[in-house]
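Within every chain, numbering begins at 1; the chains are lettered A, B, ... in the order of the sequence lines, protein sequences first and strands thereafter. Here the structure is a predicted model, which means the values were calculated and not measured.
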Amino acid sequence: QKVESVSSNWYERLGFGGYTQLRYNRLFETTDQLECDQCDKSLGADGGFFLRRSRVKFAGNVAPKMYAYLQFDMATSGGNSLSHLLSLKDAYFDVALDDEREYRFRIGQSKVPYSFENMQSSSNRLALDRNDALNSAAKDERDLGVFFYYTPVEIRKRLAFLTKSGLKGSGDYGMFGFGLYNGQGAGRVEKNDNIHAVIRMTYPFEFTNGQLVETSIQAYKGKYTIPLSEGNLSNQDLFDDERIGGTLVVYPQPFGFQTEYNIGKGPEFNPGLMTTELKKLKGGYAQVMYRIEKGDHTFIPFIKYQYYDGGKKFEIDARSYLVKDTEIGVEWQYNKYLELVALYMISDRTFEDGIRPIHHVQGNTLRLQLQLNY
Amino acid sequence: QKVESVSSNWYERLGFGGYTQLRYNRLFETTDQLECDQCDKSLGADGGFFLRRSRVKFAGNVAPKMYAYLQFDMATSGGNSLSHLLSLKDAYFDVALDDEREYRFRIGQSKVPYSFENMQSSSNRLALDRNDALNSAAKDERDLGVFFYYTPVEIRKRLAFLTKSGLKGSGDYGMFGFGLYNGQGAGRVEKNDNIHAVIRMTYPFEFTNGQLVETSIQAYKGKYTIPLSEGNLSNQDLFDDERIGGTLVVYPQPFGFQTEYNIGKGPEFNPGLMTTELKKLKGGYAQVMYRIEKGDHTFIPFIKYQYYDGGKKFEIDARSYLVKDTEIGVEWQYNKYLELVALYMISDRTFEDGIRPIHHVQGNTLRLQLQLNY
Amino acid sequence: QKVESVSSNWYERLGFGGYTQLRYNRLFETTDQLECDQCDKSLGADGGFFLRRSRVKFAGNVAPKMYAYLQFDMATSGGNSLSHLLSLKDAYFDVALDDEREYRFRIGQSKVPYSFENMQSSSNRLALDRNDALNSAAKDERDLGVFFYYTPVEIRKRLAFLTKSGLKGSGDYGMFGFGLYNGQGAGRVEKNDNIHAVIRMTYPFEFTNGQLVETSIQAYKGKYTIPLSEGNLSNQDLFDDERIGGTLVVYPQPFGFQTEYNIGKGPEFNPGLMTTELKKLKGGYAQVMYRIEKGDHTFIPFIKYQYYDGGKKFEIDARSYLVKDTEIGVEWQYNKYLELVALYMISDRTFEDGIRPIHHVQGNTLRLQLQLNY
């Protein structure tokens with residue numbers, strides 16, 4: 001794990017890669033009222049082909065104890081009708097304290113170590129979107145700040161294996177992690193004088209039969225400034241924002257099971273009083289999957305159920321949510337460059353804010369995604 | 001044409017390139033009222049130096065049957081006064097069905113195969129801007145969707161020669177092409193539940209004297225959602241959008257001739273009734289050019305005349321146009337990195353919308369462009 | 001200095017590099033009213049961690065007499081609350097007239113050769129922000145146009161040494177430079193029919209004891225279109241904009257001294273009459289520094305005082321400024337990849353516009369910056 005030397009050629013020092021996800025969500029839909037701002041803006045009425053993510057990254061060891069990671073998104077909405085601007089997704093730098101790089105600081109914009117599904121790359125996730133319950137913890141999963149990670153070499157090797165082997169691990173965000181960050185979300189201007197703090201511990205167990213199981217606990221605390229609609233009667237926009245969550249992942253060898261749950265408190269719109277209040281929140285998901293290899297191809301059928309009862313701090317008025325979604329799908333890895341996911345979504349969502357204080361949508365649709373890796 | 005193997009080094013797998021066009025349009029102008037939103041925003045009053053295009057691309061075969069192409073524009077307007085944002089121009093992936101790559105799907109954001117001049121790279125075009133008549137078919141020539149192309153190996157070689165030899169071909173968009181796409185234009189949010197369909201056939205003839213002649217036919221059909229101004233009395237914004245066009249290119253060996261024409265129907269503002277209506281449209285262009293090589297330098301003088309009578313769906317109210325422009329110019333290729341184009345434009349344009357229902361501009365100007373390839 | 005040949009591999013032709021600056025300005029602040037739009041938007045209330053700059057560049061000789069330079073910023077604000085969009089910082093091309101490249105045109109968007117501190121890369125500057133007096137000459141130090149530079153080979157070598165040796169030179173913007181450019185600033189739409197002209201001469205003296213001293217004179221002239229607030233009673237927005245300035249840099253071997261001063265005239269808000277007028281402006285800065293090398297580490301303590309009395313043309317109403325700031329700090333170069341700057345700022349600023357016609361802020365704060373080079 002020690003970096004002995006670094007090439008003097010930039011193109012050997014840095015690797016290049018990325019992926020693009022093209023989606024179409026409108027086949028066999030039972031209503032065109034499906035909507036999920038956080039998940040996929042092309043659900044429901046007026047949706048068509050959609051680049052959900054289009055990413056490129058440059059990353060590598062620039063010095064024995066320093067690793068650089070730059071990732072751009074190329075499908076960023078710029079308001080009005082522009083949808084394919086480039087923006088910075090990650091710009092972080094790992095500065096290791098020891099030669100083995102067991103102790104390191106991660107500086108810049110990077111993922112907030114809260115929730116396995118948030119850490120796991122979208123290019124590896126089976127379901128098209130992250131669950132609402134834990135993904136509402138950090139806008140775009142990322143923030144700007146300084147994080148500290150500790151991972152013993154042996155654990156680092158295990159975490160690396162979980163990613164490289166196709167078992168869809170989360171990567172190495174520390175066996176132990178701690179961080180201070182703005183808290184308003186990736187690429188967002190800080191709006192208050194408070195910083196957020198996060199802490200996480202994870203452990204990937206390896207059983208004698210080779211089965212890998214990872215379990216984690218994580219928590220964060222801070223204050224969030226929410227956007228208010230005109231109709232909102234609230235006289236404050238700064239709210240406590242704190243959560244604690246647990247994770248269990250039984251990696252698919254070939255049968256897998258994955259669940260996460262979190263509780264906490266944060267801002268949530270109250271449609272009865274037309275105001276935003278500090279409220280309790282809770283929710284999580286459970287997923288079963290089965291990994292089948294057929295020649296060069298890999299198929300992973302899966303079922304995921306998710307539940308969330310709480311507000312979403314980064315949406316208008318900290319929109320109130322009650323989510324009960326089921327997804328039944330399959331990922332087909334044609335080769336390492338091309339993947340197809342098809343899933344049938346059975347959705348039941350109540351989401352209410354000052355503009356639409358009563359709003360409940362139930363419906364199903366077939367969702368398709370072609371992913372290209374380069 | 002078969003890709004035998006692909007390097008394991010990303011920098012050998014992917015090529016890098018691009019070009020930048022710096023313009024100045026204000027010398028010898030007879031009026032400062034010249035304007036063309038679609039062509040060049042620096043024409044007329046308050047125009048100065050202008051980066052019309054600044055592009056970089058990464059492209060290459062990432063696997064024997066998979067080709068990736070990513071192109072960014074670095075001179076994208078972000079509304080208000082920002083003019084040099086980065087945006088995605090192309091993010092497409094060719095997935096071939098056979099080893100010879102004769103049959104392939106193109107997935108992502110790419111050029112809509114409609115019109116030779118639209119397909120041809122702006123870095124190769126003689127005139128500074130594309131013609132209004134066929135370029136108004138697809139905003140920024142591109143859209144998001146899935147395209148299918150068939151090109152026999154022999155035709156592919158001929159199309160490749162037309163580009164590499166400096167004859168300014170369009171590249172390979174299939175001898176036969178078919179596609180489904182959103183229809184609102186590149187990097188634009190889809191605004192309706194309809195998709196567009198396009199079909200095209202082209203054939204590059206090679207005569208026994210070596211003279212190359214290409215002829216094509218193309219058509220598309222869909223529905224377009226237009227932006228309406230406040231004064232527009234129309235009670236609909238969704239209109240039929242369909243066209244058929246023909247192409248003839250006699251490549252400059254050394255004398256060349258190029259013409260395209262299309263007819264169709266689409267939304268067009270009616271200044272008499274202050275409303276947008278579904279109307280017929282027609283128009284095209286003809287160009288003659290002569291290729292002169294002098295040592296390392298190449299000079300190509302040209303004359304182009306264009307005519308368009310119809311609306312432009314992606315402009316406010318589907319602005320009504322009557323265009324009769326003549327351009328007389330010369331391209332000087334100093335070397336393969338540096339090109340200068342100077343042209344004298346004799347313009348006669350009527351363009352009317354709900355904000356300026358009566359608007360006719362006649363005038364001339366000298367236009368200069370320095371192009372740098374890298 | 002002659003480029004003998006250029007590699008046929010793009011990755012050998014072009015180099016890649018960049019740097020990221022993460023800041024935190026809120027420790028030991030005596031007031032949260034500190035603000036400086038031009039310097040650092042995270043000063044004062046609601047500031048947190050902040051990516052002040054995050055850059056990548058591709059640059060190299062693409063042909064014996066042609067050099068390409070592309071630089072992107074990845075922390076560009078896109079209005080509202082988006083803060084990490086990608087935008088073009090530099091896209092310029094040096095076309096040399098002679099093999100030794102002593103005479104060259106620089107075409108595209110590049111730095112306006114006015115002021116040493118403007119030319120010097122932010123990655124090399126000791127103080128966190130440029131001085132107001134000379135940096136207010138050109139928005140983001142850059143503009144779009146065509147520049148001509150002449151540098152004899154011997155002087156070019158000396159200027160290159162000043163950068164490579166860690167003495168924090170400005171790079172080669174010509175011993176003599178002249179340019180024509182839009183004048184509204186980098187990545188800004190031109191807003192009037194005038195172009196700006198700039199001229200500069202610099203000379204780096206080398207004394208027999210090895211001490212290097214650089215002195216420069218520079219001037220520019222043009223017209224600027226300012227943004228007006230609603231309360232501004234001015235009936236014009238186009239103003240003369242001209243300055244002349246001098247530079248003296250005694251490079252830190254180990255003791256260094258640096259000063260610049262400029263006078264001129266330009267638009268400035270008058271809070272008494274609530275209008276913007278053409279007024280005189282003056283100001284500059286002086287800095288002393290001392291370079292200490294300890295093993296692999298370099299420490300450079302410095303003190304900088306700056307003064308500016310004038311308007312800032314690119315801010316609302318050409319906001320009126322009276323600035324008297326002192327900075328006492330130290331730069332610690334941990335290695336060539338990692339730098340930390342800590343400085344204590346003692347600020348006294350009056351800045352007034354149509355929205356806040358009476359506004360004076362005095363206060364101090366500790367500012368921290370971690371810079372990562374890659």
Side-chain angles (χ1 to χ4, degrees), chain B residues 9-26 29 32 41-42 44-60 72-88 296 334-338 340 368-374, chain C residues 6 9-14 16 58-60 62-74 76-79 82 85-95 105 107-109 140 142-146 180-196 225 227 314:
Chain B
N9 294 322
W10 73 270
Y11 46 90
E12 289 174 335
R13 222 157 46 223
L14 295 179
F16 176 92
Y19 65 96
T20 290
Q21 297 177 337
L22 180 72
R23 294 194 180 170
Y24 192 79
N25 294 315
R26 310 294 307 279
E29 67 179 17
D32 69 355
K41 289 181 176 61
S42 72
D46 296 346
F49 293 109
F50 185 61
L51 281 192
R52 176 59 182 90
R53 290 176 182 88
S54 189
R55 302 277 171 84
V56 289
K57 68 165 189 232
F58 286 97
F72 312 127
D73 185 57
M74 308 184 287
T76 297
S77 168
N80 50 66
S81 57
L82 289 175
S83 58
H84 290 167
L85 294 179
L86 267 69
S87 73
L88 191 62
D296 290 348
Y334 179 79
N335 57 30
K336 66 176 177 159
Y337 301 105
L338 188 60
L340 178 70
L368 298 173
Q369 173 181 291
L370 214 50
Q371 178 175 309
L372 301 124
N373 305 316
Y374 35 96
Chain C
V6 165
N9 295 322
W10 73 270
Y11 46 91
E12 289 174 334
R13 223 158 44 222
L14 295 180
F16 176 91
F58 286 97
V62 296
K65 293 200 252 176
M66 188 169 154
Y67 174 79
Y69 189 102
L70 291 170
Q71 187 181 212
F72 312 127
D73 185 58
M74 309 183 286
T76 298
S77 168
L82 289 175
L85 294 179
L86 268 69
S87 73
L88 192 62
K89 214 65 197 170
D90 294 284
Y92 68 75
F93 305 90
D94 281 0
V95 179
F105 284 97
I107 295 155
Q109 180 165 302
D140 295 326
R142 289 165 177 87
D143 216 304
L144 190 61
V146 177
L180 297 174
Y181 59 102
N182 281 341
Q184 289 294 122
R188 306 277 151 167
V189 175
E190 173 63 318
K191 298 215 166 129
N192 56 59
D193 288 342
N194 299 280
I195 56 175
H196 274 58
T225 303
F314 40 74

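Atom CZ in F16(C) sits 15.0 Å away from atom OH in Y11(B) (nearest 0.5 Å). Rounded to the nearest 0.5 Å, atoms CG (L144(C)) and OH (Y24(B)) are 12.0 Å apart. Rounding to the nearest 0.5 Å gives a distance of 9.5 Å between CZ of F49(B) and CG of D143(C). Atom OG1 of residue T76(C) and atom CG of residue L85(B) lie 7.0 Å apart, to the nearest 0.5 angstrom. Interatomic distance, N373(B) CG to M66(C) CE, rounded to the nearest 0.5 Å: 7.0 Å. Atom CG of L88(B) is separated from atom CG of L86(C) by 12.0 Å, given to the nearest 0.5 angstrom.
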*Take D46(B) and T225(C), measure what side chain to side chain contact (heavy atoms under 4.5 Å, CB included) needs, and give me the verdict at the end.*
CA-CA 10 Å; D46(B) 296 346; T225(C) 303; over 6 Å; no
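Heavy atoms closer than 4.5 Å to chain B are found in the side chain of F72(C), but not in its backbone. Neither the backbone nor the side chain of Q184(C) comes within contact range of chain B; no heavy atoms are under 4.5 Å apart.
The closest side-chain heavy-atom distance from F50(B) to E190(C) is not below 4.5 Å.
Listed by chain and residue number, Y334(B), N335(B), L370(B), L372(B), V95(C) satisfy the side chain to side chain contact (heavy atoms under 4.5 Å, CB included) test with L338(B) (two or more places apart in sequence, or in another chain). Applying the salt bridge (Lys or Arg N to Asp or Glu O under 4.0 Å) rule to D90(C) yields the partners R142(C); only residues at least two apart in sequence or on another chain are considered.
Using cut-offs of 30° and 60° on the angle between ring planes, the pair W10(C) and W10(B) is perpendicular. Note: Y374(B) and F93(C) have parallel aromatic rings, judged against thresholds of 30 and 60 degrees for the angle between ring planes.
Annotation: maximal heavy-atom pairing with chain B below 4.5 Å, among N192(C), L14(C), L180(C), occurs at N192(C).
D193(C) and A45(B) get closest at one heavy-atom pair: OD1-C, 3.7 Å. The two atoms that bring H84(B) and G187(C) nearest to each other are ND1-CA, 3.3 Å, heavy atoms only.
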